[in-house]
Trainee: 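After the structure tokens below, expect a handful of questions from me.
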Amino acid sequence: MERGSDEEDGETSRKKLRLSKDQSVILEESFKEHNTLNPKQKLALAKRLGLRPRQVEVWFQNRRARTKLKQTEVDCEFLKRCCENLTEENRRLQKEVQELRALKLSPQFYMQMTPPTTLTMCPSCERVGAPPSSSSGPTSTPMGQAQPRPMPFNLWANALHPRS
DNA sequence: CAATGGGCTGGAGTTACCTCA
DNA sequence: ACTGAGGTAACTCCAGCCCAT
């Protein structure tokens, strides 16, 4: 790698060059095609832009860094939304647990209550809390009635495809 | 075949300069 | 005119890879 190259052609201080609009456009286009350059491509691009190969190299390094930073921000937003969804889901489940506990304590109301929200119909088998046809295995629960509960929604899928 | 040293490259972090509100 | 913030070109340092010895 070229090091300390800013004093070539007698310029001792590092002068900051502002790339022209055209140069930026060409660099961006090139970056879209491939975000790294082999030495040949670098040389050709530098020649085309009237820049030193080192400048092209630096531009690509910085561009990759910017891309990564942006992606990190996007990922961060994504995780934040996941967290919010999970918090909300947790709140709901806590509430449901409370309701179920209340039901257990007062069985006289049991028959009048509508089923709790998370005991909704399984989208695949279309049953409400019914056991699978085969006998219950080692996963059967103490109550003997709890079933594998269908997931209300897929958090990751929701976060990934919020509009679908 | 494994070890080693040198050259090259990319990533991460930083600095210096420029622009603009 | 001055200033602080943000953007970015250019830098340093380091790690990883490849290749010749």
Side-chain angles (χ1 to χ4, degrees), chain A residues 1-101 116-126 129 132 134 137-142 146-164:
Chain A
M1 183 189 270
E2 305 162 60
R3 298 267 154 87
S5 60
D6 73 347
E7 72 256 23
E8 46 192 284
D9 40 77
E11 308 236 341
T12 47
S13 67
R14 68 176 184 192
K15 280 272 175 273
K16 271 202 81 164
L17 151 107
R18 198 82 196 170
L19 297 173
S20 73
K21 182 115 186 171
D22 287 348
Q23 285 171 325
S24 295
V25 167
I26 291 171
L27 283 163
E28 283 292 345
E29 279 172 0
S30 184
F31 185 82
K32 252 182 247 170
E33 280 179 39
H34 26 240
N35 64 358
T36 58
L37 294 175
N38 62 38
K40 222 173 200 171
Q41 293 170 321
K42 192 206 301 181
L43 229 56
L45 190 54
K47 200 169 180 181
R48 183 179 171 198
L49 294 166
L51 296 171
R52 278 172 282 130
R54 169 67 179 155
Q55 288 176 293
V56 173
E57 182 179 301
V58 165
W59 187 91
F60 269 72
Q61 283 173 358
N62 286 320
R63 186 63 177 78
R64 282 191 295 270
R66 267 177 259 143
T67 301
K68 185 174 181 184
L69 181 65
K70 209 161 210 171
Q71 187 55 50
T72 301
E73 286 169 4
V74 168
D75 291 347
C76 192
E77 266 311 302
F78 169 76
L79 290 172
K80 227 167 89 185
R81 265 187 292 147
C82 285
C83 185
E84 285 166 7
N85 284 344
L86 287 169
T87 302
E88 179 55 34
E89 170 72 351
N90 188 41
R91 227 193 306 276
R92 247 190 62 232
L93 290 171
Q94 297 276 11
K95 193 177 162 204
E96 189 175 319
V97 164
Q98 275 187 349
E99 287 172 1
L100 288 171
R101 286 203 173 119
T117 54
T118 51
L119 294 181
T120 50
M121 194 178 294
C122 169
S124 55
C125 64
E126 300 203 348
S134 64
T139 57
S140 65
T141 57
Q147 303 307 319
R149 190 161 55 82
M151 277 294 283
F153 59 91
N154 183 331
L155 295 170
W156 292 94
N158 273 3
L160 279 168
H161 309 292
R163 66 200 102 53
S164 62

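Each chain gets a letter, A, B and so on, in the order the sequences are listed, and its residues count up from 1.
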Trainee: Looking at A:Arg54 and A:Glu57, is there a salt bridge between them, counting it only when a charged N and a carboxylate O are closer than 4.0 Å?
Mentor: yes
Trainee: Grab the CD-P distance between A:Glu28 and C:dG7 for me, whole Å please.
Mentor: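 Distance, rounded to whole Å: 15 Å.
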Trainee: More than 12 heavy atoms of other residues, nucleotides or ligands under 6.0 Å from CZ of A:Arg66: is that the case?
Mentor: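 Result for CZ/A:Arg66: enclosed.
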Trainee: Measure CH2/A:Trp59 against P/B:dG10 and give the value in whole Å, please.
Mentor: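 Rounded to the whole Å, the gap is 14 Å.
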Trainee: Atom NZ of A:Lys70 and atom P of C:dT8: how far apart are they, to the nearest Å?
Mentor: 9 Å
Trainee: Which nucleotide, C:dA9, C:dT8, B:dG10, lies nearest any side-chain atom of A:Arg18?
Mentor: C:dT8
Trainee: Side chain of A:Arg54 only, heavy atoms from C-beta on: which candidate in B:dG11, C:dT8, C:dT12 is closest?
Mentor: C:dT12
Trainee: Using whole Å, what does the distance between atom P of nucleotide C:dA10 and atom CG of A:Leu19 come to?
Mentor: 7 Å
Trainee: Take atom NE2 of A:His34 and atom P of B:dT9, then tell me their distance rounded to the nearest Å.
Mentor: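 After rounding, the reported distance stands at 15 Å.
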Trainee: What's the closest nucleotide to the A:Gln55 side chain, out of C:dT8, C:dA10, B:dG10?
Mentor: C:dA10
Trainee: Nearest to the A:Val58 side chain among B:dG11, B:dT9, C:dA10, which nucleotide is it?
Mentor: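 Closest nucleotide to the A:Val58 side chain: C:dA10.
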Trainee: So what does A:Leu27 touch, heavy atoms closer than 4.0 Å: a base, only the sugar-phosphate, or nothing?
Mentor: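 Result for A:Leu27 = nothing.
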Trainee: Tell me which nucleotide among B:dG11, C:dA9, B:dT9 gets nearest to the side chain of A:Asn62.
Mentor: C:dA9
Trainee: At under 4.0 Å, does any side-chain N or O of A:Arg66 touch on OP1 or OP2 of C:dA9?
Mentor: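 Looking at the OP1 and OP2 atoms of C:dA9, one of them is under 4.0 Å from a side-chain N or O of A:Arg66.
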Trainee: To the nearest Å, give me how far apart CG (A:Leu51) and C1' (C:dA9) are.
Mentor: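 Interatomic distance, CG of A:Leu51 to C1' of C:dA9: 11 Å.
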Trainee: In this structure, how many angstroms lie between the P atom of C:dT8 and the CZ atom of A:Arg63, rounded?
Mentor: 10 Å
Trainee: Between A:Gln23 (side chain only) and A:Ser20 (backbone N and O only), is there a donor and an acceptor less than 3.5 Å apart?
Mentor: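 Looks like yes, one N/O pair under 3.5 Å.
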Trainee: Mind checking whether A:Trp59 and A:Phe31 have parallel, tilted or perpendicular rings, split at 30° and 60°?
Mentor: perpendicular
Trainee: Indicate every side-chain donor-acceptor pair of residues 72-80 of chain A with a distance under 3.5 Å to a residue at least two apart or in another chain.
Mentor:
| residue | atom | partner | partner atom | Å |
| --- | --- | --- | --- | --- |
| A:Thr72 | OG1 | A:Lys68 | O | 2.8 |
| A:Asp75 | OD1 | A:Gln71 | NE2 | 2.9 |
| A:Glu77 | OE2 | A:Lys80 | NZ | 3.3 |

Trainee: Let me know the distance between NZ of A:Lys40 and P of B:dC8, rounded to the nearest Å.
Mentor: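 Answer to the nearest Å: 17 Å.
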